[in-house]
Amino acid sequence: MVERPNKPSSLVATPGLPPQPTVNFSDDNSLVTATLPTGESITVLLYGATVISWKDSSSTEKLWLSSAAKLDGTKPVRGGIPLVFPVFGPPPADHAQTSSLPQHGFARTSRWEFLGKSTSESSGDQQTGDLSVKLDFGLSSAADGLDPKGKAAWPFKFNLIYSVTLNRRDLTTSLVVTNDDERAFDCQVLMHTYLKVKDITNVTISGLDSSSYVDKVDAASTKTQSGEIRIEGETDRVYTADGPVTVSEGGKTLFTVTRDNLSNVVVWNPWVEKAKGMGDFEPKDGYREMLCVEPGSVGGWQTLEKGDAFEGAQTIALGA
Ligand SMILES: O=P(O)(O)OC[C@H]1O[C@@H](O)[C@H](O)[C@@H](O)[C@@H]1O
């Protein structure tokens with residue numbers, strides 16, 4: 001039985017106050033959309049708490065979503081921002097706790113509960129309605145929506161709170177993992193962000209110069225980045241780095257990604273052959289219009305003792 005979210009009433013304009021953000025559910029309660037008075041919006045699918053849309057004030061989409069993405073809860077969403085927890089990639093055979101989990105864990109295949117919304121002024125500019133809206137989602141080991149495959153493979157008591165905050169010029173996603181078990185557990189966390197670009201051949205990624213990375217398309221060898229990154233073929237790299245990562249196209253900065261407590265960034269583009277092999281990746285040349293920049297903590301394990309919590313966040317700003 002799937003839990004129904006608490007259905008919020010839209011936040012409406014009050015006489016004398018500037019217009020407020022609106023928060024609405026789809027009729028089937030599967031999607032929640034938040035819109036700022038200035039027109040920016042996000043849409044989150046409760047399945048996976050997957051952000052599937054982020055639009056600026058001119059309704060221009062900032063996230064890539066496959067036209068064949070399944071949004072009905074039958075498989076992880078191909079696009080948007082799926083959440084990876086408690087294991088990144090195929091579970092390592094030598095890590096007993098996670099070895100039976102599906103690739104990228106179960107957070108992206110569980111139905112999350114909507115916990116509520118809050119609004120605040122971003123910069124105090126009431127005339128322009130410079131407000132932000134935060135949506136909170138929860139998933140715990142006791143939740144009805146927990147993917148049964150995850151529950152069977154990872155029998156720990158845990159609690160996850162995922163917050164998605166929309167400002168006029170940026171989007172922040174933040175995950176808090178709490179260990180509610182008597183035993184310690186290991187976990188990895190990653191925000192698998194599919195950014196939308198116009199033409200990947202004009203894209204450069206900077207901020208990772210001199211950082212070491214594991215090259216997953218070259219036998220997981222460890223390398224050091226030299227200069228900017230250009231995507232010229234299948235790319236699947238796990239960087240360890242501090243500092244902002246910028247994505248530019250034709251010399252113009254599209255996105256600046258900053259991280260809090262997430263020491264890795266995965267840069268992924270499937271390119272021609274891998275895109276062909278994914279049934280839910282459409283159009284097949286869509287790899288030209290997307291780039292995954294995925295902040296995470298996946299280089300090792302976060303070991304949480306009973307009662308411990310781990311929090312990590314990304315902020316994706318539009319422009320520099
Ligand atoms: O097909 P999935 O499970 O969504 O994974 C997509 C990609 O996700 C990336 O994070 C991984 O580094 C890739 O190796 C993987 O192919």
Measure the CZ-CD1 distance between Arg78 and Ile52 for me, rounded to the nearest 0.5 Å. 15.0 Å

Taking every heavy atom of Cys187 against every heavy atom of Leu304, the minimum-distance pair comes out as SG-CD1, 4.4 Å

Can you confirm whether Leu160 sits close enough to Trp112 that some side-chain heavy atom of one is under 4.5 Å from a side-chain heavy atom of the other? yes

Begin from the C-alpha positions of Leu131 and Gln20 and carry the test side-chain contact (heavy atoms from CB on, under 4.5 Å) through to its verdict. CA-CA 8 Å; Leu131 299 162; Gln20 297 292 299; 4.0 Å; yes

What's the shortest heavy-atom distance between Val257 and Pro295, and which atoms? CG1-CG, 3.8 Å

At what distance, to the nearest 0.5 angstrom, does CH2 of Trp271 lie from NZ of Lys276? 13.0 Å

The test is side chain to side chain donor-acceptor pair (under 3.5 Å); show your working for Thr240 and Ser212 and say whether it passes. CA-CA 6 Å; Thr240 300; Ser212 87; 4.7 Å; no

For the backbone of Gly319 and the side chain of Thr256, can you confirm whether one donor and one acceptor N or O come within less than 3.5 Å of each other? yes

With a 4.5 Å heavy-atom cut-off, do Leu318 and Leu254 have their side chains touching? no

Joint hydrophobic cluster, Phe88 plus Phe310, side-chain heavy atoms closer than 4.5 Å: yes

Heavy-atom neighbours of Lys223 NZ exceed 12 at 6.0 Å: yes

With side chains defined as the heavy atoms from C-beta onward, is the minimum distance between Met191 and Leu83 less than 4.5 Å? yes

Report yes or no: does Asn269 contribute a side-chain atom to a donor-acceptor pair with the main-chain N or O of Met290 at less than 3.5 Å? yes

pair Asp280-Lys75: side-chain heavy atoms closer than 4.5 Å: yes

Contact between Thr98 and Trp301 at the side-chain level, heavy atoms closer than 4.5 Å - yes or no? yes

Give the minimum heavy-atom separation between Thr303 and Ala184, together with the two atoms involved. CG2-CB, 4.4 Å

Closest non-hydrogen contact found for Gly79 with Thr50 is O-CG2, 4.1 Å

Would you say Leu45 ends up clustered with Leu195 if hydrophobic residues are merged whenever their side chains have heavy atoms under 4.5 Å apart, either directly or through other cluster members? no

Enter the distance from Ser99:OG to His95:NE2 here, rounded to the nearest 0.5 Å. 9.0 Å

Looking at Arg168 and Glu40, is any side-chain nitrogen of the basic one under 4.0 Å from a carboxylate oxygen of the acidic one? yes

Stepwise side-chain contact (heavy atoms from CB on, under 4.5 Å) test for Val189 and Val84: CA-CA 6 Å; Val189 165; Val84 169; over 6 Å; no

Decide yes or no on ring pair (Phe, Tyr, Trp, His ring centres under 6.0 Å) for Phe281 and Tyr287, but give the supporting numbers first. CA-CA 9 Å; Phe281 195 103; Tyr287 70 88; 7.5 Å; no

Looking just at side-chain N and O atoms, do Thr33 and Asn24 make a donor-acceptor pair shorter than 3.5 Å? no

Is it true that Phe158 and Phe106 have ring centroids separated by less than 6.0 Å? yes

Please confirm whether the backbone N or O of Ser221 pairs with a side-chain atom of Asp218, one donor and one acceptor, at under 3.5 Å? no

What is the distance from atom CG of Asn29 to atom CZ of Arg111, rounded to the nearest 0.5 Å? 6.5 Å

Shortest non-hydrogen pair, Val133 vs Pro21, comes out as CB-CB, 4.0 Å

Tell me whether Gln97 contacts the main-chain N or O of Asp186 through its side chain, where contact means a donor paired with an acceptor under 3.5 Å. yes

Criterion side-chain contact (heavy atoms from CB on, under 4.5 Å) on Ile161 and Leu175, from CA distance to verdict: CA-CA 6 Å; Ile161 304 284; Leu175 183 69; over 6 Å; no

Do the side chains of Lys306 and Asp181 get close enough for a salt bridge, i.e. N-O under 4.0 angstrom? no

Taking Arg259 for its side chain and Ala241 for its backbone only, find out whether a donor-acceptor pair lies under 3.5 Å. yes

Between Glu113 (side chain) and Leu115 (backbone), is there a donor-acceptor pair under 3.5 Å? no

Which pair of heavy atoms, one from Thr246 and one from Ser206, lies closest together, and at what distance? OG1-OG, 2.6 Å

Before giving the answer on side-chain contact (heavy atoms from CB on, under 4.5 Å), spell out for Val176 and Thr178 the whole-Å C-alpha distance, their side-chain angles and the decisive distance to 0.1 Å. CA-CA 7 Å; Val176 181; Thr178 307; 4.1 Å; yes

Kindly say whether Ser110 contributes a backbone atom to a donor-acceptor pair with the side chain of Asp147 at under 3.5 angstrom? no

Using side chain to side chain donor-acceptor pair (under 3.5 Å), reason through Ser67 and Glu282 one step at a time and then give a plain yes or no. CA-CA 5 Å; Ser67 60; Glu282 291 287 352; 5.3 Å; no

Under 4.5 Å between side-chain heavy atoms, hopping through other hydrophobics if needed: is there a path connecting Val32 to Tyr47? no

Side chains of Glu294 and His192: closer than 4.5 Å at any heavy-atom pair? yes

Tell me whether Asp242 at atom CG has more than 12 heavy atoms from other residues, nucleotides or ligands lying less than 6.0 Å away. no

Give the cluster check for Trp64 versus Val272: same hydrophobic cluster or not, with ILVMFWY residues linked at side-chain heavy-atom distances below 4.5 Å. yes

So among Thr172, Asp260, Thr193, Asp170, which one has a side chain to side chain donor-acceptor pair (under 3.5 Å) with Gln314? Thr193

Would Phe185 and Trp154 count as a close aromatic pair, with their ring centres under 6.0 Å? yes

Are more than 12 heavy atoms from other residues, nucleotides or ligands located less than 6.0 Å from atom NZ of Lys284? yes

Within the distance-only criterion (no hydrogens, no angle test), does the side chain of Thr204 pair as donor or acceptor with the backbone N or O of Asn202 below 3.5 angstrom? no

Given 3.5 Å as the limit, does a donor-acceptor pair link the side chain of Thr35 with the main chain of Gly39, or not? no

To the nearest 0.5 Å, what is the distance between NZ (Lys151) and OG (Ser141)? 6.5 Å

Just how far is it from atom OG of Ser41 to atom CG of Asp56, taken to the nearest 0.5 Å? 9.0 Å

Is it true that atom NZ of Lys216 has more than 12 heavy atoms of other residues, nucleotides or ligands lying nearer than 6.0 Å? yes

Do Gln188 side-chain atoms and Val298 backbone N/O form a donor-acceptor pair below 3.5 Å? yes

Common cluster, Leu63/Leu46, ILVMFWY with side-chain heavy-atom separation under 4.5 Å: yes

Sub-4.5 Å side-chain heavy-atom contact between Trp268 and Thr235: no

Just so I know, are the side chains of Thr165 and Leu171 near enough to count as touching, which here means a heavy-atom distance under 4.5 Å? no

